[in-house]
Amino acid sequence: MQRRDLLKFAGAASALGLGGCAASSSGTAPLIGQANVARVLVVGGGFGGATAAKYVRLLSQYQIDVVLVEPDADFVSCPLSNLVLGGSKAMGDITRPYATLTARHGVRVVRDTVARIDATARTAVLASGATIRYDKLVLSPGVEMIWDDVAGLRAASQQGRILQAWKAGPETAALRRQLETMPDGGVYAIAIPEAPYRCPPGPYERASVVAAYFKAAKPKSKVLILDANEDVTSKGPLFKRVWAESYKGLLEYRPQHKATGVDAATNTVKFEIQDDVRADVLNVLPPMRAGAIAVQTGLANSNARWCNVNWLNFESTAAKNIHVIGDAIQIASLMPKSGHMANSQAKVTAAAIVAELNGWELDPTPMLTNTCYSFVDAQRVVHVASVHAYVAAERTFKPVPGSGGLSPAPNEQEAAYAFGWANTIWADMLA
Ligand SMILES: Cc1cc2nc3c(=O)[nH]c(=O)nc-3n(C[C@H](O)[C@H](O)[C@H](O)COP(=O)(O)OP(=O)(O)OC[C@H]3O[C@@H](n4cnc5c(N)ncnc54)[C@H](O)[C@@H]3O)c2cc1C
């Protein structure tokens with residue numbers, strides 16, 4: 001970017017009144033940010049949001065004001081969180097601070113929750129009452145559980161009886177404690193919703209590392225996978241091979257088990273067709289949809305679950321100047337809901353936003369990449385990778401034929417790659 005363009009842009013933004021804070025609706029609520037500077041507001045500091053915040057700052061040569069709103073004090077990574085459940089990693093290993101985003105990149109991180117977005121006025125109201133004016137909004141709120149699809153689950157989850165731990169954090173530690181206190185000879189069952197859901201291989205990775213923990217520490221115990229899908233949705237042959245070779249008699253896979261309800265008093269899960277299953281530790285994942293703020297803002301215009309976007313800039317098809325990325329979007333063909341994909345989408349979006357605010361052409365041929373490592377125990381990993389290119393004639397992303405690949409078998413070398421991947425992507429987002 002040329003410095004003169006940025007200056008021109010900053011001046012234009014000021015002259016056109018693009019930047020700055022709107023008066024708050026109450027007239028008394030605090031306002032955030034300075035006037036006369038173009039502002040990107042990022043909602044959610046996960047894989048998509050943190051990356052977008054940093055890259056808008058970088059690609060605009062620090063000329064665009066970026067405010068990131070996130071309720072959590074630190075970033076806690078879902079990737080590698082299954083290793084906390086397996087006992088080979090601790091919460092501190094998957095937790096990183098937001099401080100460097102501010103210190104090094106000048107992102108203003110506001111610890112709060114966006115309660116309401118007014119797409120017409122281009123303002124967001126925070127739970128604390130503050131109002132933030134934006135020129136562009138990046139929404140990366142992750143997923144929300146559709147509690148009502150599994151009767152009794154919301155209450156059982158709120159009571160801490162039947163957990164999900166599908167957003168890494170306190171629930172990850174709580175589920176680990178349930179596994180630790182479970183007696184040897186007990187049963188851990190994970191129920192998987194129909195795809196699409198966050199991280200297709202995640203539940204199978206979790207079942208595998210919990211089985212590895214049981215094998216070493218509680219060998220009379222059992223892992224049950226209760227899957228609403230017809231078959232394993234990701235890396236199927238690799239996982240099945242590990243289950244047959246390493247966890248025979250310890251791990252059982254049951255397809256076509258769609259959970260419809262739970263009974264927290266008896267720790268039982270009920271299904272559409274099959275008999276109820278009782279387990280000592282129940283980990284029930286309901287169907288998922290775009291994070292609540294996306295649904296509430298009217299952006300979930302694909303089956304009332306996911307957000308349709310224009311693939312060239314990830315702008316919502318329901319609201320101008322709101323760019324939705326990460327797990328919340330309606331995916332293109334074979335596009336996973338993964339942290340790597342959210343990070344990749346964030347960079348395309350950041351570049352598009354910087355271009356649009358400068359009046360430049362959008363990149364007509366954006367590319368996205370994905371690599372997903374799954375642990376099958378504390379030492380061995382399998383991966384799947386893909387490259388996705390924008391196909392102008394069809395206005396969508398498609399996997400590039402011949403790109404990517406799959407591990408031939410679980411192996412220890414890829415565990416080193418997986419840790420390297422995690423450290424690199426966390427640094428790419430936050431450092
Ligand atoms: C067990 C598990 C293992 C996984 N393993 C991998 C892996 O190995 N590789 C991989 O690539 N992916 C993996 N994933 C998937 C990955 O974690 C997600 O795809 C990724 O987090 C999506 O990024 P996101 O930005 O959409 O959502 P998130 O990372 O969840 O970030 C959303 C953020 O938005 C915040 N937020 C929500 N609503 C609001 C609001 N109203 N106001 C302000 N903030 C808000 C939330 O607090 C949250 O921090 C795994 C997931 C799980 C559960």
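No experiment lies behind these values; they were computed from the predicted model shown. All ligand and atom numbering here is 1-based and tracks the order in the structure.
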Determine whether the side chain, the backbone, both or neither of [X] has a heavy atom under 4.0 Å from any heavy atom of ligand 1.
X	answer
N82	side chain
I293	side chain
S81	side chain
A342	side chain
K337	backbone
W421	side chain
Y373	backbone

Starting from [atom], which protein heavy atom do you reach first, and at what distance in Å?
atom	answer
atom 51 (C) of ligand 1	C78 CB, 3.3 Å
atom 34 (O) of ligand 1	G44 CA, 3.2 Å
atom 10 (C) of ligand 1	G339 N, 3.3 Å
atom 37 (C) of ligand 1	P141 O, 3.4 Å
atom 32 (C) of ligand 1	S140 O, 3.2 Å
atom 43 (C) of ligand 1	V69 O, 3.4 Å
atom 39 (C) of ligand 1	V43 CG1, 4.3 Å
atom 21 (O) of ligand 1	F47 CD1, 3.4 Å

Atoms of ligand 1 close to [X] [distance to a heavy atom under 4.0 angstrom, numbered from 1]:
X	value
R206	1 (C)
G142	26 (O), 27 (O), 32 (C)
K167	46 (C), 47 (O), 48 (C), 49 (O)
P71	43 (C), 44 (N), 45 (C), 47 (O)
G46	25 (O), 28 (P), 29 (O), 31 (O), 33 (C)

Please work out whether the ring planes of F47 and F75 are parallel, tilted or perpendicular, with thresholds of 30° and 60°.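 Geometry flag for F75 against F47: perpendicular rings.
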
Taking distance alone, with N or O pairs closer than 3.5 Å, would you say [X] contacts ligand 1?
X	answer
T113	no
G48	yes
D327	yes
A165	no
E70	yes

Testing the 3.5 Å rule here: is there a donor-acceptor pair between the side chains of [X] and [Y]?
X	Y	answer
H383	W421	no
T233	Y197	yes
T95	D74	no
D363	Y390	no

Donor-acceptor pair, side chain of [X] and main chain of [Y], under 3.5 angstrom:
X	Y	answer
H105	K54	no
T424	G420	yes
S344	T369	yes
T297	I293	yes
N229	A195	yes
K218	L179	yes

Could you work out, for [atom], the closest of [options] by heavy-atom distance?
atom	options	result
atom 6 (C) of ligand 1	G169, G326, P79	P79
atom 27 (O) of ligand 1	R198, Q164, M341, H383	R198
atom 40 (C) of ligand 1	D72, V114, L126	V114

Under a 4.0 Å threshold between the charged nitrogen and the carboxylate oxygen, would [Y] count as salt-bridged to [X]?
X	Y	result
D65	R133	no
E171	K167	no
K215	D377	no

I'd like to know whether W306 forms a side-chain contact (heavy atoms from CB on, under 4.5 Å) with I329, so could you lay out the CA-CA distance, the side-chain angles of the two residues, the decisive distance to 0.1 Å, and finally the verdict. CA-CA 5 Å; W306 309 109; I329 66 171; 6.0 Å; no

Is it possible for you to check whether R206 lies under 6.0 Å from the centre of the six-membered ring of Y188, through NZ or CZ, and within 45° of that ring's axis?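 No - R206 does not lie over the ring of Y188 by the 6.0 Å and 45° rule.
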
